[in-house]
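Atoms considered below: every heavy atom in the structure, side chains included; atoms not considered: hydrogens, waters and symmetry mates. In each ligand, atom 1 is the first atom listed, and ligand 1 is the first ligand listed.
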Amino acid sequence: MDGRALAARIRSEVAEAARELGSLRLATILVGDDPASQLYISRKHDAAREVGIEPLDHRLPASVSQAELLELVSRLNADESIDGVLPQLPLPEGLDEPGVIATVDPAKDVDGFHPLNAGRLYLGRPTLVPATPRGCLALLVEAGVQLAGARAVVVGRSVIVGKPVAHLLLQADATVTVCHSRTVELARHTLDADVLVVAAGIPALVGPDMVKQGAAVVDVGQNHTAAGLVGDVDPGAADVAAHLTPVPGGVGPMTIAMLLDNTIRAAKYRRGLLAFPPA
Ligand code: GUN
């Protein structure tokens, strides 16, 4: 499953939609100087520019107060020229992350993390859906993997990936099991999976001996190790699986492509081309 190729196709569709919509602006907020977050933000900005979305770069020191941060979010919410508002996570220690996420206008919440959007996903009436989970599903669909009736196992229960991807799989009529750090005998679950999504943040957590013959495996891991960037799945799993997303070049490029696609959706809300449901 080639994330680079599919992401390139989505980006070109986004570029066409952006041309039709006219001026689009995505505001990001980076608090503090975490090097990984700086890299992610610069990648998001480059990708936005490339498809004709203007990135607005807001940076605040790690010492910023919660009130000042919320003030900036509110200002960006109220700015009629801005389509999307994205506070880069994680926020530095001492700031109330859920409070910041809940302050973003749900119709500009291109990350899909606002409780209203998370709740709508849970209810099966999605609006703005988190980018990485959308990328996982798009890769599976592109590979022609049958999801209806499939046994899907998600390893990881984060708010950014594990929980939303489980809901998307459920909505696609898979039978979904969510495993996590307290799961006993993880391999018993993963060996049963026709579709396995691993988002645990542990290098090579899932080895070839934990994968069912012919399974479709999506590796969401982005672990920076001495050996470079590695996933949560041992690449040897490719010998057992029918499909495996590589790291790098799998889910990573899809996340940014889906963020841009979410920005198009938010732009349609702002222009009244799509109605944003109140709840
Ligand atoms: N940090 C890690 N993943 C993400 C993401 O998808 N969005 C934001 N805003 N921050 C992140």
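Contacts with ligand 1 closer than 4.0 Å are made by no heavy atom of Glu97, backbone or side chain. Within the 4.0 Å heavy-atom criterion, the part of Phe113 lying near ligand 1 is the side chain and not the backbone. Residue-level proximity to ligand 1 for Leu86 is carried by the side chain, the only part with a heavy atom below 4.0 angstrom. With a 4.0 Å cut-off on non-hydrogen atoms, Pro130 does not touch ligand 1 at all.
For atom 4 (C) of ligand 1, the closest non-hydrogen atom on the protein side is Ile160 CD1, 4.2 Å. For atom 9 (N) of ligand 1, the nearest non-hydrogen atom of the protein is Asp111 OD2, 2.6 Å. For atom 1 (N) of ligand 1, the closest non-hydrogen atom of the protein is Leu89 O, 2.9 Å.
Ligand-side atoms of ligand 1 in range of Lys44: 7 (N), 8 (C), range being under 4.0 angstrom from any heavy atom. Within the listing of ligand 1, atoms 9 (N) sit less than 4.0 angstrom from a heavy atom of Pro87.
Inclusion of Pro90 in the set of residues having an N or O under 3.5 Å from an N or O of ligand 1 is not warranted.
Remark: of the listed residues Thr177, Asp192, Asp194, Thr175, Asp192 is the sole one forming a side chain to side chain donor-acceptor pair (under 3.5 Å) with Arg151. Looking at Lys44, Arg59, His58 one by one, the single match for side chain to side chain donor-acceptor pair (under 3.5 Å) with Gln88 turns out to be Lys44.
No more than 12 heavy atoms of other residues, nucleotides or ligands shown are found within 6.0 angstrom of CZ on Arg188. More than 12 heavy atoms of other residues, nucleotides or ligands shown are found within 6.0 angstrom of CG on Asp96.
Annotation: the span from Leu147 atom CG to Leu168 atom CG amounts to 10.5 Å, rounded to 0.5 Å. Leu123 CG to His167 NE2: the interatomic distance, rounded to the nearest 0.5 Å, is 9.5 Å. Rounding to the nearest 0.5 angstrom, the gap separating the CG atom in Leu139 from the NE2 atom in His243 is 11.0 Å.
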